[in-house]
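Down below is the structure, laid out as structure tokens.
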Amino acid sequence: MKIDRMRVFMTRDKDRPRVIVALDTDDGLTGWGECYNHGPDKALPPLLDYLYGFLSGQDPTRVEYLVNLLIQQSRFPPGALGLAAISALDHCLWDLAAKAANVPVYKLLGGEVRDRIKVYAGVYTAPDAPAAREEFDRLKEEWGFTAFKLSPWRIDMHAHRWGNVVKASADYFRSLREAVNDEYEIAFDAHAKIFEPIAARQLGNALAPYDPLFFEEPLRPENIEAWGDLKQGLNCTLATGESLYNRNEFLRLLQVKGADLIQPDICVVGGISEMRRIATLAEAFFVGVAPHNPMGPLATAVNVHFSAAAQNFRILEYRLPKGQAYVYGGLDVEKRQGETRYVVDPYLPKDGYLELRPDRPGWGVEMDEKAMEEEGYIHWQRRVPKRPDGSYAFA
């Protein structure tokens, strides 16, 4: 069995762009992978074409060998776009290797250590408590969710005194706790918008009395030592890692005791191969893994197999393939609807968990190439806010 073709699909997941990759073999198998959309997404196809030159004619079951070649040939450590492309190709290789063996991918990773994968629903805004209760209860009734993630931002952090921003967030979480089912777990994603560690600590400690599932990524990722400073004196669970790239960066984060939970993204770090190494490092530091997964249903399928085989997996971020469009920030539950069609049979929650598919090889999903072509590519770029003085703030 040899790799003899690559196909790249520029398509969409609701209202967000997605780059999906297929590797075909000479005996008729196809492996599938998904790139992270850091942007510019249109830079990925030529990059994938270049990387494919190292895979053409190779045996796809030599996953570690080939992924190591992709990383080593770059000479300098690959960054966002390079690793997004390598991630998708890594996914394809694992899918092919498992299909060749006629087993689910998690069986090649040592087998499942759990029977199902706990997920939380990304709501991502900060709706008033009655609206949040209504949305949480709907998601619980329809899909069994008992864990959710919101934004902590109730007022503009740049237009108000910081103490009032913190107070508004604390008052908001208290009102949520008083309004919603006491069994619900609620996480808050600060979205790397805070510059000073002391300000991030103030916000986290204001949320802490109301028991957040975790306080996610308040700071930018560049100064890893600052995360160690932040965690000292922080009274709630600190989660981060979606913006880190490889085992070396995660090792530094763990060494400075900068997180209680790490959140590597399987479409960012170089695929499931690197994700497993990162999880093993975290396990040695008694740190759990809650994968970052705001992507499409193929990325979710890849995460299911990683999570099934990882001892220190905690919970997986999840977006329904049909329903609300993508949104971050604001005070409303998103009402715009959308549907992602490129996975025919996505993993859907049951009682708040994703069930394994032991009778289906590879990722356990079927792809719809026609849907990818019909949907086509949609442009998206991150909105960068401005402060009152006219300077740009963190996106």
**Q.** Donor-acceptor under 3.5 Å (S74 side chain, L70 main chain)
**A.** no
Q) Has the side chain of R177 got a donor or acceptor atom that lies under 3.5 Å from a matching backbone atom of P209? A) no
Q) Hey, is the main chain of V180 close enough, under 3.5 Å, to the side chain of R133 for a donor-acceptor pair? A) no
Q.
Counting C-beta onward and ignoring hydrogens, is there a side-chain heavy-atom pair between F313 and P291 closer than 4.5 Å?
A. yes
Q) Are there more than 12 heavy atoms of other residues, nucleotides or ligands under 6.0 Å from atom CZ of R314? A) no
Q. What heavy-atom pair brings G362 and D95 nearest, and what distance separates the two atoms?
A. CA-OD1, 3.1 Å
Show which side-chain atoms of residues 20-33 pair as donor or acceptor with protein atoms under 3.5 Å away, not counting sequence neighbours.
| from | atom 1 | to | atom 2 | distance (Å) |
| --- | --- | --- | --- | --- |
| D24 | OD1 | R7 | NH2 | 2.9 |
| D24 | OD1 | T30 | OG1 | 2.7 |
| D24 | OD2 | R5 | NE | 2.8 |
| D24 | OD2 | R5 | NH2 | 3.0 |
| D24 | OD2 | R7 | NE | 2.9 |
| D24 | OD2 | R7 | NH2 | 3.2 |
| T25 | OG1 | D27 | OD1 | 2.5 |
| T25 | OG1 | L29 | N | 3.1 |
| T25 | OG1 | L29 | O | 3.4 |
| D26 | OD1 | K2 | N | 3.1 |

Q.
With a 3.5 Å distance limit and no angle check, can you tell me whether D351 reaches the backbone of G144 through a side-chain donor-acceptor pair?
A. no
Q) Does the side chain of T340 reach to within under 4.5 Å of the side chain of P346, using non-hydrogen atoms? A) no
(Q) Checking E141 against R138 for the salt bridge (charged side-chain N to carboxylate O under 4.0 Å, His left out) test, could you report, in this order, the C-alpha distance in whole Å, the side-chain angles of both residues, the deciding distance, and whether it holds? (A) CA-CA 5 Å; E141 181 179 354; R138 180 187 70 82; over 6 Å; no
Q: Please indicate whether D359 has more than 12 foreign heavy atoms, meaning atoms of other residues, nucleotides or ligands, lying under 6.0 Å from its CG.
A: yes
Q.
Side chains of Y120 and N293: any donor to acceptor distance under 3.5 Å?
A. no
Q) Of all heavy-atom pairs between C236 and A208, which one has the smallest distance, and what is that distance? A) CB-CB, 3.9 Å
Q: Give a yes or no on whether the backbone of T61 and the side-chain of D59 come within a donor-acceptor separation of less than 3.5 Å.
A: yes
Q: For K14 and Y326, test the side chains for any donor-to-acceptor distance below 3.5 angstrom and give the result as yes or no.
A: no
Q. Transitively linked via ILVMFWY side-chain contacts under 4.5 Å: F215 with I315?
A. no
Q.
Nearest 0.5 angstrom please: N37 CG to M295 CE, how far?
A. 4.5 Å
Q. Short question: side chain of E274, backbone of R247 - any donor-acceptor pair under 3.5 Å?
A. yes
Q: Measure the shortest side-chain to side-chain distance between H91 and W363 over non-hydrogen atoms and say whether it is less than 4.5 angstrom.
A: yes
Q | Residue pair E34 / L298: nearest heavy atoms and the distance that separates them | A | OE1-CB, 3.3 Å
Q) Does a donor on one side chain and an acceptor on the other come within less than 3.5 Å for Q311 and E283? A) no
Q: Output the distance between atom CG (L48) and atom CG (L81), rounded to the nearest 0.5 Å.
A: 10.0 Å
Q: For I3 and Y52, run side chain to side chain contact (heavy atoms under 4.5 Å, CB included): C-alpha distance rounded to whole Å, both residues' side-chain angles, the deciding distance at 0.1 Å, then the answer.
A: CA-CA 10 Å; I3 299 167; Y52 175 69; 3.7 Å; yes
Q: State, to 0.1 Å, how close L356 and V304 come at their nearest heavy-atom pair, and which atoms those are.
A: CD2-CG1, 3.8 Å
Q. Same cluster or not: are L150 and V333 linked, directly or through other Ile, Leu, Val, Met, Phe, Trp or Tyr residues, by side-chain heavy atoms under 4.5 angstrom apart?
A. no
Q: Check whether Y342 and Y377 end up in the same hydrophobic cluster, where Ile, Leu, Val, Met, Phe, Trp and Tyr are linked by side-chain heavy atoms less than 4.5 Å apart.
A: yes
(Q) Under a 3.5 Å distance rule, please check whether N246 uses its side chain to pair with a backbone N or O of E249 as donor and acceptor. (A) yes
Q) Among F136, W143, Y318, which one satisfies ring pair (Phe, Tyr, Trp, His ring centres under 6.0 Å) with F148? A) F136
(Q) With heavy-atom distances below 4.5 Å as the criterion, would you say the side chains of R357 and V365 are in contact? (A) yes
(Q) In this structure, would L89 and M275 fall into the same cluster of hydrophobic residues linked by side-chain contacts under 4.5 Å? (A) yes
Q: Taking all non-hydrogen atoms of both residues into account, name the closest pair between D332 and T125 and its distance.
A: O-OG1, 2.8 Å
Q. Should the pair R220 and F394 be classed as cation-pi, given the thresholds of under 6.0 Å to the six-membered ring centre and 45° from the axis?
A. yes
Q. Going from CG on L139 to CD on E135, what distance comes out if it is rounded to the nearest 0.5 angstrom?
A. 4.5 Å
Q.
Run D171 and R174 through salt bridge (charged side-chain N to carboxylate O under 4.0 Å, His left out) and show every step you take.
A. CA-CA 5 Å; D171 290 345; R174 183 178 65 251; 3.1 Å; yes
Q.
With rounding to the nearest 0.5 angstrom, report the NZ to CG distance, K322 to L320.
A. 11.5 Å
Q) Passes side chain to side chain contact (heavy atoms under 4.5 Å, CB included), L109 versus W94? Steps please. A) CA-CA 10 Å; L109 305 178; W94 280 107; 3.7 Å; yes
(Q) For a 4.5 angstrom cut-off between non-hydrogen side-chain atoms, does E375 reach D13? (A) no
Check residues 186-207 and write down every donor-acceptor pair under 3.5 Å in which the side-chain atom is one partner and the other belongs to a residue at least two apart or another chain.
| from | atom 1 | to | atom 2 | distance (Å) |
| --- | --- | --- | --- | --- |
| D189 | OD1 | H191 | N | 2.8 |
| R201 | NE | L230 | O | 3.4 |
| R201 | NE | Q232 | O | 3.1 |
| R201 | NH2 | D229 | O | 2.7 |
| Q202 | OE1 | W162 | NE1 | 3.0 |
| N205 | OD1 | N235 | N | 2.7 |
| N205 | ND2 | G233 | O | 3.1 |

Q. Between the side chains of E242 and Y36, is a donor N or O closer than 3.5 angstrom to an acceptor N or O?
A. no
Q) In Å and rounded to the nearest 0.5 Å, what is the CG to CG distance from L66 to L51? A) 12.0 Å
**Q.** E112 atom CD: more than 12 heavy-atom contacts under 6.0 Å
**A.** yes
Q) Under 4.5 Å between side-chain heavy atoms, hopping through other hydrophobics if needed: is there a path connecting Y210 to I155? A) yes
Q) Does NZ or CZ of R154 come closer than 6.0 Å to the centre of the six-membered ring of Y172, within 45° of the ring's axis? A) yes
Q | Residue pair Y106, R114: steps toward the side chain to side chain contact (heavy atoms under 4.5 Å, CB included) verdict | A | CA-CA 11 Å; Y106 63 77; R114 58 186 49 82; over 6 Å; no
**Q.** Residue pair L244 / I262, side-chain heavy-atom distance below 4.5 Å
**A.** no
**Q.** Any D260 side-chain heavy atom under 4.5 Å of F214 side chain
**A.** no
Q. Quick one: does NZ or CZ of K386 land under 6.0 Å from the six-membered ring centre of Y392, within 45 degrees of the ring axis?
A. yes
Q: Report yes or no: does N102 contribute a side-chain atom to a donor-acceptor pair with the main-chain N or O of P361 at less than 3.5 Å?
A: no
Q) When rounded to the nearest 0.5 angstrom, what is the spacing between CZ in F286 and CG in N312? A) 11.0 Å
Q | Taking every non-hydrogen atom, the tightest pair across L354 and L348 | A | CD2-C, 3.6 Å
(Q) What I'd like to find out is whether the side chain of S273 reaches to under 4.5 Å of the side chain of E64, using heavy atoms alone. (A) yes
Q) Between S307 and N303, is there a donor-acceptor pair closer than 3.5 Å when you use the side chain of the first and the backbone of the second? A) yes
